[in-house]
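Notes follow once the structure below has been shown.
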Amino acid sequence: MEKSTRYKKVYDEIHGYIELDELALRIIDLDVFQRLRRIKQLGVTFYVYPGAVHTRFSHSLGVYHIIKKLSERLSREGYISRDDLPLLEASALLHDVGHLPYSHALETFYTRITNQRFEHEDLSREVVLNDPGVSETLSEFGIDKHEVASIIYGTHREPLYNQLMSSDLDVDRMDYLVRDSLHTGVTYGSIDLDRLLETTTVDRDGNIAVKDKGLIAVENFYIARLHMYRGVYYHKTSLGYELLLTHIWGELLDIYGELEPFKTIEGLRTLIRRNAFRYFDDYWVNGLFYRIIEERGQAGDNIGDMIWRFLYRKGYKVCLDHVELIYRDVPSNAEIEENMWASMGGSIKDLAAIDKKYLIIFVDTIPIYKEEESVNIITRGGASVKIYEYPGSIIGKLPKYMLIKRIYLHPYIHQIIPCPTEKRAR
Amino acid sequence: MKDPCIVWYIASKLSPGVSLSRLEDRLLMQKIGYIVQEILGQKLGYRFSWYSYGPYSRALSRDLHSYEELCVSSYDKDDEMSLINILDRFTEIYVKAQMLCPSESMARILEIVASLHMLSANTYPPSTDPVGDLTRIKPYISRTCAEQIFSMLREIGVIKTIEKGVSSDSA
């Protein structure tokens, strides 16, 4: 088949004009990629920040743009073979094609039911390997789909490629921090992307590293990430809506037999192989929700009521919100949760025993930086030093974890029972 | 028993006093997790990525922290017999490798075993020269040591076939 040599530019709110060659255009035209136009990048965060309605589609274009810029330079410097540039570009475009509706919100549900850690990369890999359109397109351009899948999954034989796509300083984060910051208006999440791209290189051991003149840009990157965790990604209200969505999804799968394919990861894989995954987006979920409200009504204590609460922003009330920065070792989430239960009064516990939807405890310990994953800085003498050991760097002084403890109460319950009496949020 | 507790159990038996506050110990536990799941075939459910410091799973890293208390308090309970069996099989591989490279630390030996297996069985494209690829990525690893451990892993069937263009598999 003779390939035309189309070339287009698309205007992106972050990067300006993004140049798309024939390979990129063919991938973007695929149904599974177009689907990303209908998956919000930040899931339900728009309930808090109204502007946060940007999509996985624009984010994927941004990641493509960044890897193109970075890998072309690393190629000129001799770290990446020119032959591998299309491979990296295709991987960047396709890295999020397995995302579920509302992005990360439903991942928790699948993690719980499978008792295994579910990550969207599992499904992105599945799409790359088994979606007929993706396979055909990659093959036409001489790209091995298994190589693309392995980069997305982090198992490519060349560790540098895995690091570019997923590490402390990867092209995914470089895009989403800036994009999410812009759309939420949380300006302290912004980073100096140009400086980062300019100073990112590869050290003698083949690791992604940053030249010392980019030190402040990297420090700012870590701090911006911390602020985004706190102000956006773990915002108490949007997290409450994520928990509500997860709860509704679980109930629906129990009630409606027609949703059988969505009950297991294997079912989702089958959807991919049958070319039906392309329909599974935010719009599809909302459509299902409208239908159920219509059928069941929204009054009373039933699934229709929970859906109404989700769609019309009448969700859980935050009863306790405790955020703590931790500099050393941290107690386990299970232990913290156990203590929270122990400190609660009897009536609250009784309610939770009646139905788990009435009260949700959320505990998470979010790593701010980890020694084993942190970025290396190249000194003037050419040595590669972990950033937290680099003289004068503030990274080693940052907290290691951010601990979040929350209690969410169903609005009905919130009206009649006072919140448990732990300390209020800081 | 929670999955990361198997890793905690083996780590504490092989290296008493192992602690998450030490970077070397955390990396050691990553390699143990990889070997238990990918070589001994225990389904822990982790996705190990391939980085220059060897196989690494972020989810395992988080779980090791999250379940530390629970794991440490549950060693000697119901699961002891199955754990002993896993520990025996693990130790057998470790001891064989250690005898080939007696001057190397436990962490280094497990790093070599896990990395050679990952390069042979779980990276793509499959490595046709795992020893060469390993010593290129990790120049601090002795080539002789890597070659000897690689031969041993093939002999005991942990790494099955290494032929050009043919993917190998784990035992």
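All heavy atoms count here, side chains included; hydrogens, waters and symmetry mates do not. These numbers were taken from a predicted model, which means no experiment stands behind them.
Residue Y53(B) touches chain A through its side chain alone, counting heavy-atom pairs closer than 4.5 Å. Contacts of I137(B) with chain A are made by both backbone and side-chain atoms, with heavy-atom separations under 4.5 Å. At a 4.5 Å heavy-atom cutoff, the contact between D364(A) and chain B is made by side-chain atoms alone. S150(A) touches chain B through its side chain: at least one heavy atom from C-beta onward sits under 4.5 Å away, while N, CA, C and O do not. In this structure, the portions of R62(B) lying under 4.5 Å from any heavy atom of chain A include both its backbone and its side chain. The contact between P139(B) and chain A is made entirely by side chain atoms (from C-beta outward), counting heavy-atom distances below 4.5 Å.
Dense packing is recorded around CZ of R143(B), with more than 12 heavy atoms of other residues, nucleotides or ligands lying under 6.0 Å away.
Within residues 42-50 of chain B, the residues having any heavy atom less than 4.5 Å from a heavy atom of chain A are, in residue-number order, L44(B), G45(B), Y46(B), R47(B), F48(B), S49(B), W50(B).
Residues N122(B) and T155(A) share a closest heavy-atom pair of O-CB, 3.4 Å. Nearest heavy atom pair, residue R58(B) against residue S167(A), reads NH2-CA, 3.2 Å. Annotation for P126(B) and R157(A): closest pair O-NH1, 3.0 Å, computed over non-hydrogen atoms.
Judged purely by distance below 3.5 Å, without hydrogens or angles, the side chains of E373(A) and Y56(B) pair a donor atom with an acceptor atom.
If you take OG on S52(B) and CG on N376(A), they are separated by 8.0 Å, rounding to the nearest 0.5 Å.
Between K370(A) and R26(B) there is no side-chain heavy-atom pair separated by less than 4.5 Å.
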